[in-house]
K.L.:
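Pasting in a structure now, in structure tokens, and then I'll have a few things to ask.
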Amino acid sequence: MASNICQVMTTGRKVSYMSEQILLEIAVDTPLARTFTYSHQNEIPPGCRVMVPFGKQNRRVIGVVLGRSQTEGLVASKIKGIIERLDQEPSLSPVMLRLARWLADYYFHSIGEVLRAMMPASSKVKQKIAWHLTAEGRKAWEVDDHPHHKVVRQVFVRRSPLADGTFTKKISAIDSLGPSAAGAKKKMVSLGLVERADESKVKPTLVQSHQQDLPTTPEPPKNLTVKQTEVFSRLQAAMKAEKKKAQVLWGVTGAGKTEIYLQLIADCFRFHRDSQALVLVPEISLTPQMTMIFERRFPGLVSVVHSALDQKERWHRLEAIRTGAARILVGPRSAVFGPFRNLGLVICDEEHDSSYKQSSGLQYHGRDVAVLRGQMEQALVVLGSATPSIETMANVRSGKYEILELLERVHQRALPEITVLEQKAQKRRGQTIRAGLDEGEIPVHEDVIAELRQNVEKGEQSIVIVNRRGYAYFLFHPASKKTVSCPQCSVSLTVHKKSQTLKCHYCEYQKSLSAFMGSDDEYLIVGYGSEQAESFLRRQLPGARVVRVDSDTVAKKGALEDILRDFRQGKIDILVGTQILAKGHDFPNVTLICLLEVDQMLQLPDFRAGERAFQLMVQAAGRAGRAELSGRVLLQTQKADDPIIRFAVAQDYRAFAEFELGFREAHQFPPFYKMVHIEFNSPEEARLEGVVSGLQDLIQEMLRRHESYRRSLSILGPIAPPIEMIRGRIRRSLILTSKEPKDLWSATRFIQLSCSRLPSDVRMKIDVDPQSIL
DNA sequence: AGCACGCCGACT
DNA sequence: GTCGGCGTGCTC
Ligand SMILES: [Zn+2]
């Protein structure tokens, strides 16, 4: 029988002795919305990965065991055997499998794709499966007349061990030696000459953050203010409650949310022995300064993941969580899938931040998944923000979440004062590019310059925030009345001075500026970005040390860190840049913040425009005056009467939330109405149009079949979105909204199934709870 | 998705 | 005559 199994294992041939086999339900890494049944000679616990033969060609794919197969009446001859078990211990806990099923249904992805998103290392692991010689195998390799010398040498052909002193060979390398080598490997396995260079055997390394020395003695907790104590004890109680509602910690910047997080983690560890905590942070605020706060308080217990880690390092850091060597995982969105053994507390900081929404593939919302996971693991979930999202406020209103206010800054620091600088609309003619990119004037209120100058003279620091990176918004060609736009995308190209190029901000396209400078035709430079603001401020404020911060200047790893350090050390007077500057960095000496272009944000054709603008204004204001110095915010606008601006000036979040909730409800927008955005795209318009007209018929057909949809569903489209083409793909949007989740989900499923076979170059993507519908 | 099969047009 | 486009079926 052993040879029979070998055959099954190597060829994936059907199994003939079903009585001895166990049938397992396997999720396979394909976009198919169903699972498959495979057989194996022994039980494999759910959550273990397996290699299975799939499709006519029996190509090897990774699957995850979900449990015993429940499928009845499956023809035995169709069932294939599992090729190989890849995990001794489950990679995914039962809770994670339950979560995966839920996410698959909610986001319209197959369970296999969800599982892949949950363990991004698995793609590499496929390559990494390797075998190494055991002590006995090593002897067989060395001793010429050992009975198995030849079989070992057939696979391990090297004349000496690898640098690490072992003999290890990747499975792919063994396979490439031909079928006899695979047979030899099997034989060696059965003889105990080789064993899997199994991942779980790798010792969990102590997790390090980069440069700094890690502390070894824990820093003592800080004293809490009366208000902090009150909030803290309510969180303590919530953590110990049987049924745990998510807690929204609404705390203005500087009110000491972080200290509460730290003490709550400590309390969680005291309360549940061996429990672990997850701290989600927007990628941009995941700096060494930030993670150090946790490492100081919990030396040796913190594991940090972020996108700059290579696959291996990332795996090590997650493994520390899996083994329990680390008890706190700090990371961005994807850390929500961390392999905790005993999750006791989930903290999602800056929960309003849009970077929590994944923008490709499985488009999940990290905060929402955090809430769900916390619920499934009976862990307390804390959502922290100075400006909670409107979604979260709706959940507070409905009683699903509870809110805790922390609206007093510690040490009685005053909230910054926000002043509106009303600016008359002025028709400005763009400058010609022939003059080069030097003397650009930007429409800045004179008070902004005066205040900045004063601040520099006082030795205090300032931040200036504009909307876009680059020098100017676009180049305008008056002769044709057109802007210079990207050939691949329906957007105008942004003028960049440093690189002397026009760049597309939606793809990698760029074009040299020189052709336009030397052209006989006139081109005008319109609008301004961070580069122009930088050079303008340098000219207006000679002697001031001005540094620009946007994704161009901080693209290099560590660049942002360097600038922020110099700024904290007082080597810089003014930071000018994009919204990066408004997000979660701590600048103790900043007393003046200037927001120059709020109006454009309010004008975006997107239902979240108001929320985004409000968040930017209040978050930016939170950067000012955190230390002993009081801060001021200058808001340059032409719409001083806009309600959103008025709420921001008053820093009245509650009034803003009421207003925005009313607006969303009245216009049937999320969160009161659920929204699904289905995008179709193709490089060829004709094909896309073919699909779109089919889609229109399909929708009519759907409405005929389900009369109730006519009342419960609102269907917009298919229409061309504001940015009609991106990366050479023309797009069409179908936007479904409804107050009835059941109808919305079944309608979306209907469309998904009906469009499962589109022409090969037309793609469909489904975005549930879209962040933006541009 | 991937892969095979099978059916029509056009091209060495 | 065949090469190759893509509609259709199937994946335990
Ligand atoms: Zn482009």
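Here is the naming used below: chain letters follow the sequence lines, and residue numbers restart at 1 for every chain. These numbers come from the heavy atoms of this one structure, side chains and all, not from hydrogens, waters or symmetry mates.
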K.L.:
Rounded to whole angstroms, how far apart are CG on A:L758 and P on C:dT8?
P.N.:
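So the two atoms are 12 Å apart, to the nearest Å.
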K.L.:
What integer distance in Å separates A:I79:CD1 from C:dT11:P?
P.N.:
12 Å
K.L.:
Roughly how many Å is it from CD1 in A:I26 to C1' in C:dT11, rounded to a whole number?
P.N.:
14 Å
K.L.:
Can you tell me the distance, in whole Å, between the CG atom of A:L753 and the P atom of C:dT8?
P.N.:
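For the pair A:L753 CG and C:dT8 P, the rounded distance is 17 Å.
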K.L.:
Verify side chain to side chain donor-acceptor pair (under 3.5 Å) between A:T71 and A:E25, making sure each step is shown before the conclusion.
P.N.:
CA-CA 8 Å; A:T71 320; A:E25 184 187 16; over 6 Å; no
K.L.:
Show the numbers, then the answer: is there a salt bridge (Lys or Arg N to Asp or Glu O under 4.0 Å) between A:D767 and A:K357?
P.N.:
CA-CA 10 Å; A:D767 186 0; A:K357 183 85 190 316; 2.5 Å; yes
K.L.:
Set out, line by line, the N/O atom pairs under 3.5 Å between protein and nucleotides 1-8 of chain B.
P.N.:
unit_1 : atom_1 : unit_2 : atom_2 : d
B:dG2  : O6     : A:R757 : NH2    : 3.3

K.L.:
Does A:Q70 reach the main-chain N or O of A:R68 with its side chain, forming a donor-acceptor pair under 3.5 Å?
P.N.:
yes
K.L.:
Evaluate the ring planes of A:F669 and A:F607, with Trp represented by its six-membered ring, and classify them as parallel (under 30°), tilted (30 to 60°) or perpendicular (over 60°).
P.N.:
parallel
K.L.:
For A:Y509, which residues count as a ring-ring contact (aromatic ring centres under 6.0 Å, His included) partner, sequence neighbours excluded?
P.N.:
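Counting only residues at least two positions away or on another chain, A:Y509 forms no ring-ring contact (aromatic ring centres under 6.0 Å, His included).
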K.L.:
Return the value, rounded to whole Å, for the distance between atom CG of A:N58 and atom C1' of C:dC12.
P.N.:
11 Å
K.L.:
Between A:R34 (CZ) and C:dT11 (C1'), how many Å, whole number?
P.N.:
7 Å
K.L.:
Need one value for A:R687: base, sugar-phosphate or nothing, where a base atom within 4.0 Å counts as base even if backbone is also close, heavy atoms only.
P.N.:
sugar-phosphate
K.L.:
What class does the angle between the rings of A:Y106 and A:W745 fall in, given that below 30° is parallel, 30 to 60° is tilted and above 60° is perpendicular?
P.N.:
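Tilted: the ring planes of A:Y106 and A:W745 meet at 30° to 60°.
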